[in-house]
Chemist: 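Below are the C-alpha cells for one structure; questions will follow.
Just so you know, residue 1 is the first one in the sequence shown, and it goes up from there. The structure displayed is predicted, hence computed values, not measured ones.
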Amino acid sequence: MVSVADLVHEEALRELAEAGAYDEGTKWADQQRLIELAEFGPLRVTGWVHGCEVELRSTGDELAWSCSCPSAGTHLCAHVVALAIETWRRAP
C-alpha cells in the first residue's frame, strides 16, 4: 500500500486542489503555527489546520481526505493542502 506522504506530492496536490486552495494551503504550511498534528502514520494523518479538523488516508493507490470546513468537497481545500504539505515535509 502506498503511504500518504507518497500521495501528496506537489503535482498531485495542484491537480486535486480547488482554485486558490493550493496557494493558500502552501502559505498556511509555511506558517507552521497554524498546523497541529494529532496522528502521523504511514496510512493515516490527522490534525487541525487553522481551526479545522483534517484527515488524510491512503486507500491503496489513492488519497482520501476529509475536512470539517464548509468548503470541503470533491476537491482539496486549503486546510487539506496545508496538512498534506506538512505531511510530505515530515515524512522520512
Side-chain angles (χ1 to χ4, degrees):
M1 190 171 284
V2 179
S3 73
V4 169
D6 289 332
L7 295 170
V8 294
H9 55 84
E10 181 180 358
E11 184 180 313
L13 294 179
R14 284 186 182 276
E15 192 174 297
L16 293 170
E18 292 179 338
Y22 181 83
D23 293 335
E24 188 71 13
T26 299
K27 183 174 86 175
W28 291 347
D30 291 341
Q31 301 169 354
Q32 293 178 351
R33 60 184 167 75
L34 299 173
I35 300 171
E36 180 184 332
L37 289 174
E39 179 182 335
F40 188 80
L43 302 179
R44 183 172 184 254
V45 177
T46 63
W48 292 88
V49 178
H50 209 333
C52 291
E53 188 174 12
V54 181
E55 177 185 35
L56 304 171
R57 294 178 316 280
S58 171
T59 61
D61 292 338
E62 294 185 16
L63 179 67
W65 63 87
S66 63
C67 181
S68 63
C69 79
S71 64
T74 58
H75 290 79
L76 302 182
C77 64
H79 305 100
V80 174
V81 171
L83 187 64
I85 290 170
E86 185 65 15
T87 297
W88 186 83
R89 289 177 178 170
R90 291 187 185 205

Chemist: Considering all heavy atoms of both residues, which atom of A82 and which atom of A29 are nearest to each other, and what is their separation?
Modeler: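 Scanning both residues completely, I find the closest heavy atoms to be O-CB, 3.9 Å.
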Chemist: Please report the shortest heavy-atom distance between A84 and L13, naming the atom on each side.
Modeler: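 Smallest heavy-atom distance, with atoms named: CB-CD2, 3.6 Å.
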Chemist: Given the rule that I, L, V, M, F, W and Y join up when any side-chain heavy atoms are under 4.5 Å apart, are F40 and V8 in one cluster?
Modeler: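 Same cluster.
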Chemist: Working to the nearest 0.5 angstrom, can you tell me the gap between L34 CG and L83 CG?
Modeler: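 Atom-to-atom, L34:CG and L83:CG are 12.5 Å apart.
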Chemist: Describe, in one word, how the ring planes of H50 and W28 are oriented to each other, choosing from parallel (under 30°), tilted (30 to 60°) and perpendicular (over 60°).
Modeler: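 It falls in the perpendicular class, over 60°.
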Chemist: Below 4.0 angstrom, N of the basic side chain to O of the carboxylate: do K27 and E24 qualify?
Modeler: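 Result for this pair is yes, salt bridge flagged.
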Chemist: Quick one: do V2 and L63 end up in the same hydrophobic cluster if we chain Ile, Leu, Val, Met, Phe, Trp and Tyr together by side-chain heavy atoms under 4.5 Å apart?
Modeler: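 Shared cluster, yes.
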Chemist: Nearest 0.5 Å please: distance from the CG atom of L7 over to the CG atom of L16.
Modeler: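 Between L7 CG and L16 CG, I get 9.5 Å after rounding to 0.5 Å.
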Chemist: Going from CD on E86 to CD on E36, what distance comes out if it is rounded to the nearest 0.5 angstrom?
Modeler: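 So the gap between those two atoms works out to 12.0 Å.
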Chemist: Of the non-hydrogen atoms in E10 and Y22, which two are nearest, and what is the gap between them?
Modeler: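 Scanning both residues completely, I find the closest heavy atoms to be CG-OH, 3.1 Å.
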Chemist: For a side chain to side chain contact (heavy atoms under 4.5 Å, CB included) with V54, tell me which candidate from V81, V49, I35 qualifies.
Modeler: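 For V54, the side chain to side chain contact (heavy atoms under 4.5 Å, CB included) check succeeds only for V49.
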Chemist: Between atom OG of S3 and atom CG of L56, what is the distance when rounded to the nearest 0.5 Å?
Modeler: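 If I round to the nearest 0.5 Å, the distance is 11.5 Å.
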Chemist: With rounding to the nearest 0.5 Å, note down the distance linking NE2 in H79 to CD in E55.
Modeler: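 Result: 16.0 Å between the selected atoms.
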Chemist: Nearest 0.5 Å, please: how far is CZ in R44 from OG in S58?
Modeler: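 That separation rounds to 13.0 Å.
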Chemist: Within the supplied structure, the quantity of interest is the number of heavy atoms (other residues, nucleotides, ligands) at a distance under 6.0 Å from E11 CD; does it exceed 12?
Modeler: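 Open.
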